[in-house]
Chemist: 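Encoded as structure tokens, here's the structure I'll be asking about.
Protein chains get the first letters and strands the later ones, always in sequence-line order, with residue 1 at the start of each. Atom set for the values below is all heavy atoms of this structure, side chains included, hydrogens, waters and symmetry mates excluded.
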Number of protein chains: 2
Amino acid sequence: MTTKPTRSKRATVHDVALEAGVSRGTVSRYVNGERYVSAAAREAIEAAIAKVGYVPNTAARNLVMQRTQAVGFIVHEPHSLFVEDPNIGEILLGANTRLSEADHQMAVLIVDTERDTDRVARYLSGGLVDGVIIVSARADDPVTRVVDRLRLPAAYVGHPPGAAGSASFVVIDNVGAAASITRRLMETGRRRIGMVAAALDRDSGADRLAGFREALGDAFDEALVEPVPLYSYSAGRDGMRRLLERAPDLDGVFAASDAVAAGAIEAIKETGRSVPDDIGVVGFDDSAWALRTTPALSTVRQPAAGLGAEAARLVLARLRGDEPAAEVRLDCDIVWRGSA
Amino acid sequence: MTTKPTRSKRATVHDVALEAGVSRGTVSRYVNGERYVSAAAREAIEAAIAKVGYVPNTAARNLVMQRTQAVGFIVHEPHSLFVEDPNIGEILLGANTRLSEADHQMAVLIVDTERDTDRVARYLSGGLVDGVIIVSARADDPVTRVVDRLRLPAAYVGHPPGAAGSASFVVIDNVGAAASITRRLMETGRRRIGMVAAALDRDSGADRLAGFREALGDAFDEALVEPVPLYSYSAGRDGMRRLLERAPDLDGVFAASDAVAAGAIEAIKETGRSVPDDIGVVGFDDSAWALRTTPALSTVRQPAAGLGAEAARLVLARLRGDEPAAEVRLDCDIVWRGSA
DNA sequence: GGCAAATCTGTGCACGTTCACAGAATCAAC
DNA sequence: GTTGATTCTGTGAACGTGCACAGATTTGCC
């Protein structure tokens, strides 16, 4: 059982020095591209490195430097995220690009099971990364506790749970985006515009309603807002049914999410009305729902790559010792399809 | 510029020892749960750890242990992969689950730009991971070179480029899957079954044709095979047009990929025939194409999570010093939708 | 040739941990 | 009370690197 790996010993800086007939210090200087190494020494060292097959040991370097040039990227609840949400990949790439420019390595750590949580927490606390980016953080979690306790430079994508001491966070501008798409709906000639608002107990839900109200200004009519509890298809369908009964003359609807919008379209079609001829519908998120409806949804797209890049920028700033903004809000794009 | 981080010094095992009035060795034994630490010492150490806020430094441990309990997971060409291919997420999770069970940390490293390549190669060679899983490896790449040169325990998902020294690889059973779906096509009553074969110069393409031939046995007819160069929509459409001219009495088609199948369906509809009533069509991959066609494609689904899990198993075996199979072939599932 | 500056080199120490070993204390048995 | 095993503890060395410092050598200049 478990036989000793007996991995052939790796060459060290010492072996190179011996082979090249110089000292450890000189080899170290050559490897790190410092000044003050003679041409003769350089050649000897180059030959020696090639001969013994030397590669620097990063673990040893990390230990003495107290720095790793690496940033962790933590993904929670990967099943739902990876499979359904195309955004996570974009966020990942956006962050990687920015970190790469700053010559930092990004290590994605996946938290799936309970075991993962503790192991990742150990990994972070072990000094293997200088900072960390966290998406969809959970409220009471060993990972976030470790980040807090060690004051590990961190940036959250989305609102962090609780007060984040040494962390910034980057979110999308829900208010602005909601206002923007509502305004565009008005510009297409819609006069009586309603909203199926969802999850008003959460920031995102409340903000989207606020943006809707802001865009309409004086034209805002409380009676045309139908609140539903969840960002779901069925909630959207039921909410839209109620809204149509109350206001049959509606000609435009802003749904708080694509799933809600898909439900709303279903409800509209039930009454014999057509989308977008009778009623224009817009959603939010540009999720998979947006392409499943007929016609396809006009909706708000998150700047996913931007979220990742911005989170990376915030972490890098903290790494330099700066104190960046605690909160960054990003604007969203609108994708115009057939539904409005 | 770049002010010193001045991070408050982390507590070490030495600080704990001082605080608890015992020696480093005893603290180390306690932390690692070894035998031979008295109740009195244990209590003192626990209190001391809580007081000074000690967390073990993994970098130092890695250095002396020559082992990290971590495995790298390398993703090439992430743009196309993450955005279009849902499989990559599943592979990731499958691998993570298996590694997690073995108490190993998985670190996903993304190779996007040229800079990434070198940095990741450095990361791997630095001894920060014990082994590595590589998806979609490229032919001549610093990463694969490092893996080869250091004889880093590795497992490839898909065929590795060139001869892989210390590596295994895991692939899907193209022959078996092709035979299987062809057989199912026959069972639905199709009599004259053709194939739009693609990329016969690649293993995957040749194997899928071989499976097709195997399933048909004596009923195989060379004339009903139309080879096209690429796994593309347009190649599928053009190939199917030719095939239909040559064999108008066809009632079933196996397309070498979903994209090819989508093109084939287009060509079939051009002639006024219907799918699946006149001609049944099956594809391969269960990609996004499969749901875009009308009717939706019956196709072969890769056991993505299984690929990841198996790759993880192979790496773990090598880590233990075993010499696992050089190649592992996994069976595929068939998803039966409307197209056949 | 003398002197200062610039360039080059080697040595010891530190980083924080684990491990082997030696020694101390406790216990059991006669 | 001696012996021997068992349990517990402390110490020094090692892992492979970077850095400060001291010393050696070369260069530039008058």
Chemist: Do B:H76 and B:D141 get their side chains close enough for a donor-acceptor pair, meaning under 3.5 Å?
Modeler: yes

Chemist: Could you tell me whether the side chain of B:D112 reaches within less than 4.5 Å of the side chain of A:S100, counting heavy atoms only?
Modeler: no

Chemist: Under 4.0 Å: is that the gap between some side-chain N or O of B:Q66 and OP1 or OP2 of D:dG16?
Modeler: yes

Chemist: If you compare every side-chain N and O of B:T12 against the phosphate oxygens of C:dG16 (OP1, OP2), does one of them come in below 4.0 Å?
Modeler: no

Chemist: Between B:M65 and A:R61, just flag the one whose closest nucleotide in DNA chain D comes earlier from the 5' side.
Modeler: B:M65

Chemist: To the nearest 0.5 Å, how far apart are CG in B:L319 and CG in B:L152?
Modeler: 9.0 Å

Chemist: At under 4.0 Å, does any side-chain N or O of B:N32 touch on OP1 or OP2 of C:dT18?
Modeler: yes

Chemist: Which is more 5' along DNA chain D, the nucleotide nearest A:H14 or the one nearest A:R29? Just name the residue.
Modeler: A:H14

Chemist: Can you tell me if B:S38 touches the phosphate of D:dC8, counting only side-chain N or O atoms and a distance under 4.0 Å to OP1 or OP2?
Modeler: no

Chemist: Quiz question: going by heavy-atom distance under 3.5 Å, is there a donor-acceptor pair between the base of C:dG16 and the side chain of B:R24?
Modeler: no

Chemist: Write down the distance between CG (A:N57) and C1' (C:dG16), rounded to a whole number of angstrom.
Modeler: 14 Å

Chemist: Which whole-number value in Å describes the distance from B:I45 CD1 to D:dG10 P?
Modeler: 9 Å

Chemist: In whole angstrom, give the distance that lies between atom OH of A:Y36 and atom P of C:dC8.
Modeler: 8 Å

Chemist: Hey, is B:R119 close enough to B:D116 for a salt bridge, meaning N to O under 4.0 Å?
Modeler: yes

Chemist: Would you please confirm or rule out a distance under 4.0 Å between OP1 or OP2 of D:dT9 and any side-chain N or O of B:S23?
Modeler: no

Chemist: According to a strict under-4.0 Å criterion, is B:Y54 in side-chain N/O contact with OP1 or OP2 of C:dT17?
Modeler: yes

